[in-house]
Novice: 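Please see the structure below; I have some questions.
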Amino acid sequence: MKRKIISILSIVMIIFSMINYVYGVSASYTITDIYRFKEPTNYSSVELFIGTTDNSIYSKGNCVIKPKYSSMKRDDYGNTIVIFDNDTLKSNNYIIEVERNIICSDVKTNLTNASADYSISKLYLKPSPKVESDNRLIIDKANELIQNCEDDYSKIRNIFEFVNMNITYDLSDNYRNKGALSALKTGRGVCEEYASLFVALCRASNIPARVITGFSVGDMYEGETKDTEALAHAWAEVYLKEYGWLPVEATTSAMSMYDKVVYWDGLFNIEKPTYIYNGINNPDIPQARYSGLVFDTRECRVTLNSKMYFSDISTHWAKKNIENLYDKKVVNGYEDDSFKPENNVTRIEFMVMLCRSLKRNGNYYYSNLDKIYYPSDFISNWSKAEYDRLMEYYAYAAEDHGNKGAGYESISYVFGNKLKMNEYITREEVVALMSPFLKSTYTNNVPLTDINNSKFKKDIIKSYMNNIIKGYEDGTFNPKGNITRAEMATVLDRYTK
């Protein structure tokens with residue numbers, strides 16, 4: 001078993017490297033599904049939907065079925081259906097056991113443009129049960145959503161935003177498991193409606209898409225077992241050039257203070273390795289179809305065997321802090337599944353991490369600011385959105401951003417009028433940037449022997465008193481030393497809730 005899991009994980013890592021995803025953590029699960037039937041008085045047979053364990057970049061594994069099935073077939077989507085005849089069932093006392101050993105990974109992308117890939121089967125552009133992409137209402141809504149879009153990426157974003165913001169999760173029988181058209185008409189449903197409507201609107205916009213069924217198991221500790229009855233879930237995937245099938249989670253809601261906002265983290269991303277892929281949704285194929293038998297009981301459970309974080313921190317002193325901060329969505333790893341804990345951190349990298357920590361701590365304060373402070377050498381790049389948000393946080397903390405722009409006082413205090421964003425940040429600059437968000441406290445009685453000449457002495461003391469920093473064993477803080485990724489993770493883990 002161990003050899004198989006390692007092999008599967010290697011495949012997952014290769015795939016992540018090939019398509020430039022950011023890898024963070026994987027998890028190994030065992031899903032056990034046991035069907036029991038009462039012994040029949042005449043000939044019997046069972047067809048069992050197995051789905052697929054190898055059709056996803058983020059959930060791969062193998063499946064062991066007992067007893068050995070009599071025959072198998074596949075549906076149009078490639079899902080496996082296994083068939084048991086009477087003799088086979090009798091040999092195992094009319095009990096069928098299906099065990100899936102799955103490695104799940106998170107998915108993090110930063111796509112800003114992408115095109116649909118039509119090399120995939122045309123099935124994913126056609127209507128199907130509960131995905132009524134040929135219905136006039138769905139076609140009209142799709143046309144409305146994409147009318148001003150110049151590329152497929154913009155179309156997908158608009159469709160995602162509409163579904164995520166306009167459907168209300170409702171478990172009542174009137175709305176759940178009714179499909180895309182019902183969701184569009186009523187604005188209600190469960191995960192199946194979110195996924196089906198997204199897929200129907202994509203197909204009506206000539207974008208290949210499909211509904212996936214499986215489990216969303218949530219956070220588990222190693223060795224924990226859960227009953228999967230309440231964990232069944234549906235989500236969507238779209239097929240993009242150079243990327244293949246990417247996940248879309250439209251069901252999750254996000255809030256900013258008291259207002260619902262678009263859950264953009266659900267587009268082409270899976271935040272944690274908690275999505276277990278079962279198969280491509282096909283309402284025409286039931287989970288189990290049987291004749292000549294009386295169903296007795298079904299037992300289905302999932303066990304988390306282990307979590308596997310970055311490949312280079314297993315014995316590192318900051319392992320737990322790094323893993324905690326990754327789980328809090330503050331840090332990421334590299335494409336080769338490493339974290340590189342001893343690498344130094346640039347100024348802009350730390351500012352982005354600080355912004356994410358503040359967001360995690362619930363600081364959703366928007367001042368409707370019309371002006372963000374940019375030092376004279378600021379270069380707009382991947383970090384701009386989180387830089388801007390951090391400046392708003394500074395403005396809120398200062399209660400006044402003056403006429404220089406939000407964040408001016410804090411940034412100019414630490415860096416002067418030039419950001420030099422790609423320079424390595426120092427330990428004293430880190431605490432100075434964090435200082436506005438810490439509780440005010442001051443004392444001269446701190447056991448740090450080398451901070452008296454630091455421009456940021458009061459910020460260092462404030463951080464020490466807030467238990468953000470501790471210093472080295474020799475009593476020094478090394479204010480002008482660069483901070484490593486491991487040290488940064490430790491500092492931010494202490495701060496982040």
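Side-chain atoms are counted along with the backbone in the values below, which use heavy atoms only and exclude waters and symmetry mates. What you are looking at is a predicted structure, and each value in this text was computed from that prediction instead of being measured.
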Novice: Taking side chain as C-beta onward, heavy atoms only, is Y394 less than 4.5 Å from P436?
Specialist: yes
Novice: Between D151 and S154, is there a side-chain donor-acceptor contact under 3.5 Å, judged purely by atom types and distance?
Specialist: yes
Novice: Just so I know, are the side chains of L433 and L390 near enough to count as touching, which here means a heavy-atom distance under 4.5 Å?
Specialist: no
Novice: Would a 4.5 Å heavy-atom cut-off, applied to side chains only, mark L125 and N206 as touching?
Specialist: yes
Novice: Would you check, one step at a time, whether the test ring pair (Phe, Tyr, Trp, His ring centres under 6.0 Å) holds for Y387 with F378?
Specialist: CA-CA 10 Å; Y387 175 92; F378 182 87; 4.6 Å; yes
Novice: I want to check something: taking the side chain as every heavy atom from C-beta on, are F310 and H316 in contact at a cut-off of under 4.5 Å?
Specialist: no
Novice: For S105 and S26, test the side chains for any donor-to-acceptor distance below 3.5 angstrom and give the result as yes or no.
Specialist: yes
Novice: Answer yes when K141 and E144 have at least one side-chain N-carboxylate O distance shorter than 4.0 Å, and no when they do not.
Specialist: yes
Novice: Which pair of non-hydrogen atoms, one from V98 and one from C63, has the smallest distance, and what is that distance?
Specialist: CG1-SG, 3.6 Å
Novice: What I'd like to find out is whether the side chain of D227 reaches to under 4.5 Å of the side chain of R301, using heavy atoms alone.
Specialist: no
Novice: Can you confirm whether Y175 sits close enough to T168 that some side-chain heavy atom of one is under 4.5 Å from a side-chain heavy atom of the other?
Specialist: no
Novice: Could you tell me the separation between the CG atom of N343 and the CD atom of E349, rounded to the nearest 0.5 Å?
Specialist: 8.5 Å
Novice: Look at the side chain of Y29 and the backbone N and O of I276, then say whether any donor-acceptor pair between them is shorter than 3.5 Å.
Specialist: no
Novice: Can we say K340 and D312 salt-bridge, meaning some charged N sits less than 4.0 Å from an Asp/Glu carboxylate O?
Specialist: no
Novice: Do the non-hydrogen side-chain atoms of Y169 and V190 ever get within less than 4.5 Å of each other?
Specialist: yes
Novice: Relative to each other, are the rings of F437 and Y393 parallel, tilted or perpendicular (30° and 60° limits)?
Specialist: perpendicular
Novice: Side chain of T186, backbone of R188: donor and acceptor closer than 3.5 Å?
Specialist: yes
Novice: Does the gap between the ring centers of W235 and F198 come in under 6.0 Å?
Specialist: no
Novice: Say you draw a straight line from NZ of K307 to CG of D219; how long is it, rounded to the nearest 0.5 Å?
Specialist: 5.5 Å
Novice: As an exercise, state the distance from CG of L145 to CD1 of I159, rounded to the nearest 0.5 Å.
Specialist: 6.5 Å
Novice: Any side-chain donor paired with an acceptor under 3.5 Å for T274 and S216?
Specialist: no
Novice: Answer yes if the side chains of K384 and Y374 hold a donor-acceptor pair under 3.5 Å, and no otherwise.
Specialist: yes
Novice: Given R356, which partner from the list L325, N332, L492 fulfils the side chain to side chain contact (heavy atoms under 4.5 Å, CB included) test?
Specialist: N332
Novice: Return yes if some donor-acceptor pair links the side-chain N/O of E99 with the main-chain N/O of T32 below 3.5 Å, else return no.
Specialist: no
Novice: Considering only heavy atoms from C-beta outward, does the side chain of Y277 approach that of E237 to under 4.5 Å?
Specialist: yes
Novice: Out of T490, N321, T484, I322, which residue meets the side chain to side chain contact (heavy atoms under 4.5 Å, CB included) rule with P341?
Specialist: I322
Novice: Within the 3.5 Å criterion, strictly below it, is a donor on S172 or N174 matched to an acceptor on the partner's side chain?
Specialist: no
Novice: Kindly say whether A114 contributes a backbone atom to a donor-acceptor pair with the side chain of D152 at under 3.5 angstrom?
Specialist: no
Novice: For R485 and F339, indicate whether the former's side chain and the latter's backbone hold a donor-acceptor pair under 3.5 Å.
Specialist: yes
Novice: Can you tell me how the ring of Y124 sits relative to the ring of W245, calling it parallel under 30°, perpendicular over 60° and tilted otherwise?
Specialist: perpendicular
